[in-house]
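Counting convention: from 1, in listed order, for ligands and their atoms alike.
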Amino acid sequence: MSLPSVVPAPASIEAGPGEPFRLSGETAVTGDAAAAAALSSVLQARTGLTLARRDGAAIALRVDPSAGAAESYRIAADAASVVVTGADAAGLFYGVQTLTQLVARDGEEWIIPAVTIADAPRFAYRGVMLDVARHFHPLATVKGYIDRAASLKFNALHLHLTDDQGWRLQLESRPELTEHAAATSVGGDPGGFYTKDEYREIVSYAASRHMIVVPEIDMPGHTHAVGLAYPELAEDPSVNDEMREIIRLHGGGEPAPGEPYTGIAVGFSSLKIGDEATYDFVADVFGELAAMTPGPYLHLGGDESLSTSDEDFASFIARASAIIADLGKTPVAWHEAGAAAGIADTTIGQYWGFVTPTGGMDDRARAFVANGSQLILSPADAIYLDMQYPSGPQLGLAWANGPTSVERAYSWEPSEVIAGIEDADILGVEAPLWTETIRTEADIDLMAFPRVAAAAEAGWSPATGESELRTWESFRARVGALGPLWTSLGIGFHPSDEIPWADR
Ligand code: TNX
């Protein structure tokens, strides 16, 4: 019998010898209430069946701290019962996610095949990033993305909250930011921002799906919007020939002081590095953010500061990372910040170069590990979800060796990207979704699915070569089997012709 399809591939899965467990309107679910609710809602969507909350021939959901490492779980299913055991609440939640993928049709009936699974994540950090600055995405869309990501065992939502085009988080210490710099998005589309209560709602919704929120305030570049609220903190835009070329290709005007920027050029803005008022601003912003962010990480950006001198960049990164560390948080920065000699040594680096590094980007990344810290891997030519597909949706950019097929999103191994970096140096994997061309929830679904599943597998599953399931052929078949589940959950995935989609 062939193995059931689970994505991301579990550490171990064996088909049982006997008959499957048969689901019906009589099937009971016992044990942990939160996990039972999570299971019932997906099962209802997928099968129309309602699980009974009582004792009986049943699905049992339980937490047993002796069952394994953090976030791990086991499933034992046979004709008589289905038992999901999490080592902790997150593990049980992930067991439930796997269980929803096991549900299959047998004629007009619904079954869970006899199976034994023992599963645990390879990396502690498995992230998705959503850029809500280039296009603002409302609370409901963010919650939907949390649900989608959690179903693939992601445990971090990185929110790119600020950029040249807009500031998307209301702050009491600096109310001018959202008053003056949140009204528009790329292309002149409407802007928006989250109130503090909405941000807290995102954090708690994510926590209920065992995800942390990693808020990013991108600095010292990507800060044109800051200048709309506080002209005294921002340098005038610096527009060079390369930017004029981008502007020529993509349209939109040149950035101008005091005017909202609605184009997609990068690298023209900088905070004033030599001015103490800048660091008062940084301290206010991260201080207020730290107080409403229970997760350990605050992301300070640090990418593409093309109009800040190297010396100024280094001194800014040193001070901004120290401000975050002094708040008791772990700074995260894009890999360029690895060039800053005085960076707080706890800073996590986020690598966004290619699977085969170019231009010394790997040196920048290695600097974080040399400091005794770790890396998050986001190789742009594999798991940048905003890259165009080879065919299908007319959305996305292509600068990262694009277009990016599902096969390319899948076919890379985290420990092989940066020479000298091994599993212990890797905090995890994150798939960013930049939104220059991404305006709606439907756009997000199309670009993320199915490629985000490839990132999930890189972050959760055994290394390439350590499991028979870790091949493109296996992955494409397993992802194809999830199509009907995704459809029942309202996920408008791109029906890529690389994947053999199941039809029911
Ligand atoms: C590069 S990757 C950026 C973003 C853009 C993205 C578009 C990185 C850290 N910065 O500012 O949105 O490319 O793909």
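With salt bridges taken as basic N to acidic carboxylate O contacts below 4.0 Å, none links K143 and D147. With respect to the salt-bridge test (charged N to carboxylate O, under 4.0 angstrom), the residues R476 and E498 do not qualify. With respect to R364 and E336, no salt bridge is recorded, no charged nitrogen being found less than 4.0 Å from a carboxylate O. Ion pairing between R174 and E288 fails under the 4.0 Å rule for side-chain N and carboxylate O.
In the vicinity of E304, heavy-atom distances shorter than 4.0 Å reach the ligand 1 atoms 1 (C), 3 (C), 4 (C), 10 (N), 11 (O). Close contacts of ligand 1 with L397, meaning ligand atoms under 4.0 Å from a residue heavy atom, involve 7 (C), 14 (O). With ligand atoms numbered from 1 in the order given, ligand 1 contributes 2 (S), 8 (C), 9 (C) to contacts under 4.0 Å with heavy atoms of W352. Ligand-side atoms of ligand 1 in range of R134: 4 (C), 5 (C), 11 (O), 12 (O), range being under 4.0 angstrom from any heavy atom. For ligand 1, the atoms closer than 4.0 angstrom to any heavy atom of W334 are 9 (C). Within the listing of ligand 1, atoms 11 (O) sit less than 4.0 angstrom from a heavy atom of H222. Atoms of ligand 1 found under 4.0 Å from any heavy atom of M387, numbered from 1 in the order shown, are 14 (O).
For D131, no heavy-atom contact with ligand 1 is shorter than 4.0 Å.
Annotation: atom 9 (C) of ligand 1 to nearest protein heavy atom, D303 OD2, 3.1 Å. Protein heavy atom closest to atom 2 (S) of ligand 1, with residue, atom name and distance, is Y384 OH, 2.5 Å.
For the side-chain hydrogen bond (donor to acceptor under 3.5 Å, both in side chains) test, residues two or more places apart in sequence or in another chain that qualify with N155 are E71.
Between the CD1 atom in I383 and the CZ atom in R451 there is a gap of 11.0 Å [rounded to 0.5 Å].
A heavy-atom distance below 4.5 Å is not found between the side chains of H160 and H299. Here the side chains of N401 and R408 are in contact, with some heavy-atom distance below 4.5 Å.
For ligand 1, the polar-atom distance check finds no N/O of W434 at less than 3.5 Å from any of the ligand's N/O atoms. Some N or O of E436 is nearer than 3.5 Å to an N or O of ligand 1, by distance alone.
Looking at D386, L433, T435, D164, it is D386 that brings a heavy atom closest to atom 14 (O) of ligand 1.
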Return all side-chain donor-acceptor pairs below 3.5 angstrom for residues 485-495, not counting sequence neighbours, or 'none' if the list is empty.
from : atom 1 : to   : atom 2 : distance (Å)
T487 : OG1    : G483 : O      : 3.0
S488 : OG     : L485 : O      : 2.7
H494 : NE2    : S391 : O      : 3.3

